[in-house]
Student: 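One structure, pasted below without further comment.
Computed from a predicted structure; not experimentally measured. In what follows, every chain begins at residue 1, and chains take the letters A, B, ... in the order their sequences are listed.
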Protein chains: 2
Amino acid sequence: MTELDIAEVAQRAGVPASTLRFYEEKGLIASTGRRGLRRQYDSGVLERLALIALGRTAGFSLDEIARMFAPDGRPRIDRRVLSAKAEELDRRIRELGALRDSLRHAAACPAPSHLECPTFRGLIDAAASGGVAAPGRRLPERR
Amino acid sequence: MTELDIAEVAQRAGVPASTLRFYEEKGLIASTGRRGLRRQYDSGVLERLALIALGRTAGFSLDEIARMFAPDGRPRIDRRVLSAKAEELDRRIRELGALRDSLRHAAACPAPSHLECPTFRGLIDAAASGGVAAPGRRLPERR
DNA sequence: GTTCTACTTCAAGTCGACTTGAGGTCAAGA
DNA sequence: TCTTGACCTCAAGTCGACTTGAAGTAGAAC
């Protein structure tokens, strides 16, 4: 495990240094020390950052992710939590799939106005009755 | 088209009255008048709200949605925008699908620690290289 | 030894979509 | 007529994940 300068970590992980400081403040990552003022990180931090990124795309909040690391720093991910998240994702995937299909149809549909397209109307009605709109936690933004 | 009281619209659409006021302020919906102080809405507002909800779950911002209504109030949804959004959704769906599969595997995997599970490691590496983490706009929260 | 530059800290700002709170008003029921 | 309670307005607050800005500092190049 080599030591990396914050700038190098930022560059390799593809996140701004401000984010690394923010994560450190939140206890998500830890620096091994300083060289002068500058934070140094163990190269293992890259894996940890990848794990964090992964958790974020899976829809976990930073706080939830923080709780997934044991005090020793090793991940302690509850398998039930993973299963539950997988199910949640699955539901979301199915919703989005239906939505995508309807959008495609609406885009191709020759009806003069979308409101006159039966498929589009069906979609609206489903949305109105809560059939489509059941998004869970927000998913992170691409930066 | 009957006239509805704001409370009725809120109840039927499943959104708080504060949201209706907020949407009205943003120009997303319009009230037909007042009875005393109270806003009255044309029942067509329900369809409009459904359309808004639909747009939100598809990942449009309120501003984008506002631009999708012509000045006369009829939707004018650009088919290219729909196609683009459908493609975006499709990409996101594939990402989430891969993530879900990996989560499921990790949940079932007998490796003592997730870090020792090859599938999980593959997932981390993919995330580290940006293969998984490519979320688009945030999707709305269920309220 | 001086300057440059990339880091440092800490507080405050941003963004989107609403919600909340304080203080006010009006239609309807008793 | 009086009370009640649900609505009204407007400003400010909230939430999560960061970013930005001001003012300071230390290692490295000259």
Student: If you pin A/D63 and B/I6 to their nearest nucleotides in DNA chain D, which one's is more 5'?
Tutor: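 Per heavy-atom nearest nucleotide, the more 5' residue is B/I6.
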Student: Counting only side-chain nitrogens and oxygens, does A/R39 get under 4.0 Å of the OP1 or OP2 atom of C/dT9?
Tutor: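 For A/R39, the contact criterion (side-chain N or O under 4.0 Å from OP1 or OP2 of C/dT9) is met.
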Student: Which nucleotide sits closest to the side chain of A/R56: C/dA6, C/dC18, D/dA17?
Tutor: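 Out of C/dA6, C/dC18, D/dA17, the nucleotide with an atom closest to A/R56's side chain is D/dA17.
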Student: Would you kindly give the CZ-to-C1' distance between B/R35 and D/dC7, to the nearest whole Å?
Tutor: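 Going from B/R35 (CZ) to D/dC7 (C1'), I get 11 Å.
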Student: Heavy atoms only, 4.0 Å cut-off, all strands: where does B/A7 land among base, sugar-phosphate and nothing?
Tutor: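 It contacts sugar-phosphate atoms only.
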Student: Dot-bracket for DNA chain C, 5' to 3', counting Watson-Crick or G-U wobble pairs under 3.5 Å, with [ ] for crossing pairs and | for inter-strand pairs?
Tutor: ||||||||||||||||||||||||||||||
Student: Establish, yes or no, whether the cationic atom of A/R67 lies under 6.0 Å from the six-membered ring centre of A/F60 and within 45° of the ring axis.
Tutor: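 No, A/R67 and A/F60 do not form such a contact.
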Student: Let me know the distance between CD1 of B/I52 and P of C/dC18, rounded to the nearest Å.
Tutor: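 Rounded to the whole Å, the gap is 10 Å.
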Student: Give a yes/no answer on whether the side chain of A/R34 brings an N or O atom under 4.0 Å of OP1 or OP2 in C/dA6.
Tutor: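 For C/dA6, neither OP1 nor OP2 has a side-chain N or O of A/R34 closer than 4.0 Å.
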Student: Donor-acceptor pair, distance only, cut-off 3.5 Å: does the side chain of A/R35 make one with the backbone of A/R38?
Tutor: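 Flag not set: sc A/R35 to bb A/R38 has no pair under 3.5 Å.
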Student: Give the rounded distance in Å between these two atoms: CZ of B/R38 and P of D/dC8.
Tutor: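 Interatomic distance, CZ of B/R38 to P of D/dC8: 7 Å.
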Student: Whole-Å distance between D/dC10 P and B/K26 NZ?
Tutor: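 The distance from NZ of B/K26 to P of D/dC10 comes to 17 Å, rounded to the nearest Å.
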Student: Any side-chain heavy atom of B/L49 within less than 4.5 Å of one from B/V9?
Tutor: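 Yes, their side chains come closer than 4.5 Å.
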Student: Within the 4.0 Å limit for protein heavy atoms, which parts of nucleotides 20-25 of chain C are touched? Write it as a string from 5' to 3', B for base, S for sugar-phosphate only, - for none.
Tutor: B---BB
Student: Can you tell me the distance, in whole Å, between the CD1 atom of B/I65 and the P atom of C/dG16?
Tutor: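 After rounding, the gap between these two atoms is 13 Å.
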Student: Quick one: does B/H105's side chain have a donor or acceptor within less than 3.5 Å of a partner on B/T119's backbone?
Tutor: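 Such a contact is absent between B/H105 side chain and B/T119 backbone.
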Student: Kindly say whether A/V15 contributes a backbone atom to a donor-acceptor pair with the side chain of A/T19 at under 3.5 angstrom?
Tutor: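 No: the side chain of A/T19 does not pair with the backbone of A/V15.
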Student: Starting at CG of A/D5 and ending at P of C/dA6, how long is that distance when rounded to a whole Å?
Tutor: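 About 12 Å, once rounded to whole Å.
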Student: Is A/E47 reaching over with its side chain to a backbone N or O of A/G44, donor-acceptor style, under 3.5 angstrom?
Tutor: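 No; zero donor-acceptor contacts below 3.5 Å.
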Student: Please determine whether a side-chain nitrogen or oxygen atom of A/Y23 lies at a distance below 4.0 Å from atom OP1 or OP2 of D/dA17.
Tutor: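 Indeed not, no polar side-chain atom of A/Y23 lies that close.
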Student: Taking only Lys NZ, Arg NE, NH1 and NH2, and the carboxylate oxygens of Asp or Glu, determine whether A/D5 and A/R39 approach each other closer than 4.0 Å.
Tutor: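 A salt bridge is absent here (no side-chain N lies under 4.0 Å from a carboxylate O).
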Student: OP1 or OP2 of D/dA17 sitting under 4.0 Å from any side-chain N/O of A/T19?
Tutor: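 No, no such contact exists.
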Student: Can you tell me the distance, in whole Å, between the OH atom of B/Y41 and the P atom of D/dC7?
Tutor: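 Whole-Å distance recorded here is 11 Å.
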Student: Using a strict cut-off of less than 4.0 Å between a Lys/Arg side-chain nitrogen and an Asp/Glu carboxylate oxygen, indicate whether B/E88 and B/K85 qualify as a salt bridge.
Tutor: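 A salt bridge is present here (some side-chain N lies under 4.0 Å from a carboxylate O).
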Student: Looking at B/F69, I'd like to know if the NZ or CZ of B/R48 sits under 6.0 Å from its six-membered ring centre while staying within 45 degrees of the ring's axis.
Tutor: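 Yes, a cation-pi geometry.
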Student: In whole Å, I'd like the distance from the CG atom of A/L62 to the P atom of D/dT19.
Tutor: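 Answer to the nearest Å: 11 Å.
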Student: Quick check: does any side chain N or O of B/T32 sit under 3.5 Å from a backbone N or O of B/Q40, one acting as donor and the other as acceptor?
Tutor: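 Confirmed, B/T32 side chain pairs with B/Q40 backbone.
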